Amino acid sequence: MSETPQKPLPFVYQFAAGAVAGVSEILIMYPLDVLKTRIQLQSGPAVPGADYYNGMFDCFRKIVKNEGASRLYRGISAPILMEAPKRATKFAANDSWGAFYRNLFGVDKQTQGLATLTGATAGATEAFVVVPFELVKIRLQDKAQAHKYNGMIDVVRKIVAAEGPLAMYNGLESTMWRHILWNAGYFGCIFQVRAQLPAVEPGNKNQQTRNDLIAGSIGGIVGTVVNTPMDVVKSRIQNTSKVPGQVAKYNWAWPALGTVMKEEGFAALYKGFTPKVLRLGPGGGILLVVYTSVMDFFRTMRAEK
């Protein structure tokens, strides 16, 4: 992620740092993810009432009023379990693919193009890890579906029984596009923003934290702008139960984009954007700061500074 890559640590350290960073971010920002999902799943004409949300604050108010504040953390067990492999895969894959591409193209330092390509490839890798967890999370977050399930394990059991084991990977294609676009924007921006910021004085942790927070936050915002349409269709696809003999309304990513635009207009592709960007903008900064800090701690511990 930096212009001059540091010597990579063994995978176990990357995994641990990614896990700490991911869990830290999700504990702070998760309610915004619930609001985002509820808004994204709304389709068809607006029908005022307790189940219709007219924006982020209306969604927050109605969930707390009608379902209780604890509902803002509904389905968090799946993301918590997902965060360790997801974030570890994100950063470890980014480091590993970065080294692969630098060797492939015969360059010593990261470039803007390689940072974007590396991020996109890391996103595709990450998607394979997160799809089942995302599917469980979506089913638990949706008010219309949540009553069917008694927790995370029950979601898995009922989906497998009713739709088959492969149903746990419903939405893989759209998830891959979502992560390719977000990671390309995120890591590509981190590279560019770091290059524009004042250089960090050796050993100055405050400057390092400042730069990482700014770069990660901007990267999170850009990644969110780029990938929100795919996130909307991913939520729709994963919230659709597969029925034998029937073709689902939302099935493949690009046709689903067309369906949403045709029926609800272009703006519908950015449903849930406000809570999403409020989460992943600062959240991207939190991720980068915590990940970098933990990796620096490991390097110090191993005397590999």
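None of the values given here were measured: they were computed from a predicted structure.
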Subject >> E134 with R178: basic N within carboxylate O range, under 4.0 Å >> reply: yes
Subject >> Sidechain N-carboxylate O distance under 4.0 Å for E67, R38 >> reply: yes
**OP:** Could you list the residues that satisfy side-chain hydrogen bond (donor to acceptor under 3.5 Å, both in side chains) with N239, not counting sequence neighbours?
**Re:** D142, Q145
**OP:** State whether the number of non-hydrogen atoms from other residues, nucleotides or ligands found under 6.0 Å of F297 atom CZ is greater than 12.
**Re:** no
Original post:
Checking Y186 side chain against G284 main chain: does a donor-acceptor pair fall under 3.5 Å?
Top reply: yes
Subject >> Check: F128 main-chain N/O paired with Y169 side-chain donor or acceptor under 3.5 Å >> reply: yes
Subject >> Nearest heavy-atom neighbours spanning F298 and A17 >> reply: CE1-N, 4.1 Å
Subject >> Presence of salt bridge, K276 and D33, under 4.0 angstrom >> reply: no
Subject >> No-hydrogen, no-angle side-chain donor-acceptor test under 3.5 Å, D212 and Q208 >> reply: yes
**OP:** Tell me, yes or no, whether the heavy-atom count around Y30 atom OH, taken from other residues, nucleotides or ligands under 6.0 Å, exceeds 12.
**Re:** yes
Original post:
Using a side-chain heavy atom cutoff under 4.5 Å and only I, L, V, M, F, W and Y, what cluster partners does I180 have?
Top reply: none
Original post:
Any sub-3.5 Å donor-acceptor pair from T292's side-chain atoms to V289's backbone N or O?
Top reply: no
Subject >> Check: E126 side chain, H179 main-chain N or O, donor-acceptor pair, under 3.5 Å >> reply: no
Original post:
Does CG belonging to D154 count more than 12 external heavy atoms closer than 6.0 Å?
Top reply: yes
Subject >> Hydrophobic cluster partners of F105 (side-chain heavy atoms under 4.5 Å) >> reply: W97, F100, Y101, L104, V107, L114, L117
**OP:** May I ask you to decide whether R236 forms a salt bridge with E263, counting only side-chain N to carboxylate O separations under 4.0 Å?
**Re:** no
